[in-house]
Amino acid sequence: MAEAAAARRKLVEVQGLKMYFPITAGLLRRKVGDVKAVDDVSFELYEGETLGLVGESGCGKSTAGRAIIRLYDPTAGRVRIDGHDIGSAPQSELRRFRPLMQMVFQDPQASLNPRMTVAAIIGEPLGEHTELRGDALLRRVYELMDAVGLNRSFANRYPHEFSGGQRQRIGIARALALNPKFIVCDEPIAALDVSIQAQVVNLLEELQDRLGLTYLFISHDLSMVRHIADRVAVMYLGRIAEIGPRDGLYERPLHPYTEALLSAVPEPDPNVESRRRRIILKGDVPSPANPPPGCNFSTRCPKVMDICRRIEPVVAEVEPGRRVACHLYDKTIETAGGTAAATEARAPNKETRT
Amino acid sequence: MVAACVLGFLIVFVLVGPLIWRIDPNFIEPDTAKMFKLRNKPPSLAHPMGTDQLGRDMLARMMFGGRVSLAVGLVAMFVAIFIGTAVGVMAGFFRRLDGILMRLTDLFLALPLLPLLLVLMMLFRDPVARTLGPRFGTFLLIVLAIGVTSWMSASRVVRGEVLALKEREYVLAARSIGLPNRRIILRHILPNVLSPVLVAATLGIAGAIITESVLSFLGLGFPPDFPTWGRLLYDGIAEIRSYPERVIWPGLAISLTVLSVNYIGDGLRDALDPRIRGR
């Protein structure tokens with residue numbers, strides 16, 4: 001699967017993306033530090049695939065998504081989408097690339113202007129970037145409404161008259177209006193009822209098949225990501241912990257954090273559920289303003305080694321297509337004498353899996 | 001609806017009234033003996049609202065006074081709301097302007113307004129009156145002076161609202177569509193700050209009418225023979241014990257205007273908000 005993916009064209013490339021928010025304090029509003037919301041994140045998306053971006057609240061998933069399509073100006077890093085340098089283009093030039101990338105927002109209530117009708121909301125990007133006006137524009141709006149399964153008679157209603165799922169469909173229709181290639185779905189289902197979540201996710205999948213879309217699917221719902229994503233990236237405290245194809249990652253997580261995260265997913269089968277062994281992490285997530293030295297996860301990692309507290313692990317390819325930022329898999333340390341610790345740490349890992 | 005009727009009635013009263021009730025509001029009986037007889041009359045058929053201390057017809061004075069007061073209130077409010085909204089949106093939307101504009105607002109808030117108004121009127125009344133005529137010149141000056149000194153509360157309210165709206169996801173969505181700032185403000189921000197602006201505006205009308213009467217009272221508004229509701233009120237106050245109706249009429253007119261404008265503001269806000277409309 002990894003080889004197949006590599007053969008495909010890279011649509012989105014993110015390299016060393018950093019998004020720091022300054023902390024100011026005192027009378028003179030001097031900068032005293034940064035909240036490192038996204039710290040040196042790199043990944044790529046191949047055309048037509050879905051990359052799931054998971055992690056707990058506050059780990060920087062949404063910030064990363066927003067920085068990629070330049071709703072924020074990133075502190076550092078390169079973002080290339082479809083060959084265009086998005087990361088460093090000035091906002092004024094960015095306008096030309098907007099039709100390429102769109103976003104579906106988390107809260108469908110907040111992402112629709114309460115004073116605009118559905119037709120006006122969906123038609124807004126069209127009026128901005130195309131020559132469509134009047135009847136032609138309305139026809140395209142109707143097309144989009146059909147595509148996302150909204151009744152055409154809703155066109156003149158206001159967002160507050162719809163249910164959450166319908167509102168999210170409006171948001172999706174708006175994102176689709178300009179025929180984008182790349183859509184960032186920022187927790188599109190988090191604010192919806194479970195019964196509606198499936199509908200929206202199926203709609204997203206169906207649209208992907210039909211229009212060849214590429215999704216960055218940001219979510220904290222691990223089962224949903226398993227359903228929709230082709231590859232999954234796990235973030236912890238602003239950094240990528242592990243990234244790899246879905247099946248491999250869910251079957252055999254490499255990074256201790258991924259393992260802990262996946263162990264929290266409940267099983268539908270009560271027999272399996274009763275035998276499920278949860279890895280419960282101790283302590284809280286450190287503040288992104290003051291991350292621990294070395295590995296970000298070292299304060300809570302059940303398999304922490306000395307080196308983790310001193311040296312920051314780099315994201316390295318461990319198996320084809322799978323990259324992990326963890327010293328457990330660092331070959332240079334193993335040869336340098338850390339073999340015992342590494343194997344020791346890996347042994348209980350196997351037990352939990354079987 | 002009732003409020004709109006009341007305000008409509010007041011407007012008709014001041015605009016159409018003088019065409020029907022053809023007594024010059026400034027007419028004083030030239031014969032001194034007759035004039036003394038006509039002074040301070042209670043309401044009668046010849047003078048439905050009575051006469052004032054110089055024997056002038058109160059009804060006619062109310063009509064002419066209302067024209068000026070309503071016009072001053074409305075225009076000054078528009079000036080104040082326009083400046084206030086513009087400053088508030090700029091300060092809330094563009095971070096770089098925020099500090100400067102808000103300090104400017106603070107500066108205006110810290111100024112003692114009445115002395116400032118008095119100095120403004122003192123300095124500019126005569127030159128403006130000379131170029132634009134005494135009535136229109138004074139009107140323009142009063143309206144501008146009141147507008148320029150009462151926009152601060154509106155701008156603060158608007159700024160706060162814009163700061164909150166700016167982070168709403170639909171503004172982010174508009175940005176991800178690539179809408180230029182100008183259009184984000186016009187299409188997404190302004191319609192949504194409408195309700196606080198309307199409330200500020202209706203309160204502004206009341207404030208403007210009252211400020212104008214204060215100026216008239218201090219002798220620096222319109223010329224003394226030129227009736228406005230505020231002027232009538234202040235003229236009447238001296239004799240409130242003997243002739244209370246002379247205070248009641250203008251007071252009633254001002255209160256009714258302010259009240260009806262407030263209700264209209266409320267109704268307008270609800271009518272413009274699709275979430276409440278039709279409920």
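Here is the naming used below: chain letters follow the sequence lines, and residue numbers restart at 1 for every chain. These numbers come from the heavy atoms of this one structure, side chains and all, not from hydrogens, waters or symmetry mates.
- Once rounded to the nearest 0.5 Å, the distance linking CZ of A/F105 with CG of A/L71 reads 5.5 Å.
- In terms of modelled atom types and a separation under 3.5 Å, the side chain of A/D193 and the main chain of A/I196 share no donor-acceptor contact.
- With a 4.5 Å cut-off on non-hydrogen atoms, B/R183 touches chain A through its side chain but not through its backbone.
- For residues 163-179 of chain A, the interface with chain B (any heavy-atom pair closer than 4.5 Å) comprises A/R174, sorted by residue number.
- Remark: of the listed residues B/L114, B/L116, B/L111, B/L116 is the sole one forming a side-chain contact (heavy atoms from CB on, under 4.5 Å) with B/T149.
- Between B/D106 and B/R156 there is a salt bridge, with a side-chain nitrogen of the basic residue lying less than 4.0 Å from a carboxylate oxygen of the acidic one.
- Remark: side-chain polar atoms of A/D34 are not paired, donor with acceptor, to backbone N or O of A/K36 under 3.5 angstrom.
- Chain B forms the most heavy-atom pairs under 4.5 Å with one residue out of A/M103, A/M101, A/E124, A/H129, and that residue is A/E124.
- Residues of residues 82-103 of chain B never come within less than 4.5 angstrom of chain A, heavy atom to heavy atom.
- Around OH of A/Y72, the count of heavy atoms belonging to other residues, nucleotides or ligands within 6.0 Å exceeds 12.
- Of the possible polar contacts, none joining the A/E187 side chain to the A/I218 backbone as a donor-acceptor pair under 3.5 Å is found.
- By number of non-hydrogen pairs under 4.5 angstrom with chain B, the leading residue of A/R115, A/R70, A/R157 is A/R115.
- In this structure, the separation between CZ on A/R152 and CG on A/D146 is 4.0 Å, given to the nearest 0.5 Å.
- With a threshold of 4.5 angstrom between heavy atoms, A/R66 approaches chain B through side-chain atoms but not through N, CA, C or O.
- For chain B, the nearby part of A/L112 is the backbone; its heavy atoms alone come within less than 4.5 Å.
- By the salt bridge (Lys or Arg N to Asp or Glu O under 4.0 Å) test, A/E47 pairs with A/R9, sequence neighbours left out.
- With a threshold of 4.5 angstrom between heavy atoms, A/E161 does not approach chain B through any atom at all.
- Within a 6.0 Å radius of CZ in A/F154, other residues, nucleotides and ligands contribute more than 12 heavy atoms.
- A donor-acceptor pair under 3.5 Å is formed between the side chain of A/K61 and the backbone N or O of A/G55.
- The distance from atom CD1 of A/I81 to atom CD1 of A/I86, rounded to the nearest 0.5 Å, is 5.0 Å.
- With A/Y215 contributing its side chain and A/L204 its backbone, the two residues share a donor-acceptor pair below 3.5 Å.
- Within residues 157-179 of chain B, the residues that have a heavy atom under 4.5 Å from a heavy atom of chain A are B/R168, B/E169, B/Y170, B/L172, B/A173, B/R175, B/S176, B/I177, B/G178, B/L179, listed by number.
- Put simply, the side chain of A/E44 never gets that close to the backbone of A/V12: no donor and acceptor are under 3.5 Å apart.
- Looking at A/R98 and A/E128, no side-chain N of the basic residue comes within less than 4.0 Å of a carboxylate O on the acidic one, giving no salt bridge.
- In terms of heavy atoms, A/I121 sits closest to A/P159 at CD1-CG, 3.7 Å.
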